[in-house]
Trainee: 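I'd like to ask you about the structure that follows.
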Amino acid sequence: MLSEFREALLKILPALEMHEVDFIVIGGAAVNIHGHPRISGAYTEAKFAVDLDFWFNPTISNYHNLLKALRELGIDIMSFEERVFDPKKTFIKLPYESFHIDFLSQVSGLDNYRDCKKNCLVARFDDHEIKILSYDDLLKSKMAVSRQIDKDDIEELKKKKGQRKS
Amino acid sequence: MIKAILYTNISEKKVIESKMFSKLSPPKRRKAIEDWKDLISHFVIQNSSSKAGGPAS
């Protein structure tokens, strides 16, 4: 049986592809894929969160493609459909009951979406190809944010990379 | 129907998450964690460039 989270992503990915939404997987999922298994943002009981973060190419056309995809999925976007897109400020959250899917227009420590996209890992999720923020860019972003969870991630990711080299 | 939330400050993200996830019961939290692990297990690396850390083992 599909988990609710996987089922949601398997519905979302075809719509993103159909509307040519340009995005990269970042955050906790990227950390896991690069070899440090941890639960999204759930680093303390008080700060429990399970979310999947996407960084979308912050162009107006890509933003509108994203809105089209969300509309096709039957997601209610009425409240902000007419609001002006600001590439430095506009974020979208899809709040499912026990997890969230976020589309972010910017990532701390990373200035150029296109450069980061060139560096990406390519992964498959079922039948879908999906880009994952590279190890180096992930570390750059983690260093810029520098919360305790980010410092822990940096340490663990470096350890993993060291283990793979030896 | 899922109602998307648009926010304009990254700090709002944490506030919204904190409010919403704090309402989850412990069994639902456990299920969310299991669902997360299941989700991650379905990502399969296709390439591993020199800049990347390599696939998860």
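Heavy-atom basis, side chains included; hydrogens, waters and symmetry copies ignored.
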Trainee: Give the ring-plane orientation class for A:F91 versus B:Y7, where under 30° counts as parallel, over 60° as perpendicular and anything between as tilted.
Mentor: parallel

Trainee: Is a salt bridge present between A:D136 and A:K140, judged by a nitrogen-to-oxygen distance below 4.0 Å?
Mentor: no

Trainee: In terms of heavy-atom pairs under 4.5 Å with chain B, which of A:I132, A:I92, A:L70, A:L73 leads?
Mentor: A:I92

Trainee: Could I get the full list of ring pair (Phe, Tyr, Trp, His ring centres under 6.0 Å) partners for A:H19, not counting sequence neighbours?
Mentor: none

Trainee: When you measure from the side chain of A:T90 to the backbone of A:D86, do you find a donor-acceptor pair of N or O atoms at a distance under 3.5 Å?
Mentor: yes

Trainee: Which one of A:I101, A:D53, A:L133 has the most heavy-atom pairs closer than 4.5 Å to chain B?
Mentor: A:D53

Trainee: Under a 4.5 Å heavy-atom cut-off, does chain A meet the side chain of B:K23, its backbone, both or neither?
Mentor: neither

Trainee: Residue by residue, which of residues 2-18 of chain A have a heavy atom closer than 4.5 Å to a heavy atom belonging to chain B?
Mentor: A:S3, A:E4, A:F5, A:R6, A:L9

Trainee: Please flag which part of A:F125 lies under 4.5 Å from any non-hydrogen atom of chain B: side chain, backbone, both or neither.
Mentor: both

Trainee: With a 4.5 angstrom heavy-atom cut-off, is it the side chain or the backbone of B:I40 that approaches chain A, or both, or neither?
Mentor: side chain

Trainee: Are there more than 12 heavy atoms of other residues, nucleotides or ligands under 6.0 Å from atom CG of A:D127?
Mentor: no

Trainee: Apply ring pair (Phe, Tyr, Trp, His ring centres under 6.0 Å) to A:Y113 and list each qualifying residue two or more places apart in sequence or on a separate chain.
Mentor: A:W55

Trainee: Looking at residues at least two apart in the chain, or sitting in another chain, which of them share a salt bridge (Lys or Arg N to Asp or Glu O under 4.0 Å) with A:E97?
Mentor: B:K28

Trainee: Run the salt bridge (charged side-chain N to carboxylate O under 4.0 Å, His left out) test on A:E156 and A:K159 for me, step by step, so that the C-alpha distance in whole Å, both residues' side-chain angles and the decisive distance to 0.1 Å come before the verdict.
Mentor: CA-CA 5 Å; A:E156 290 300 323; A:K159 265 191 226 167; 3.2 Å; yes

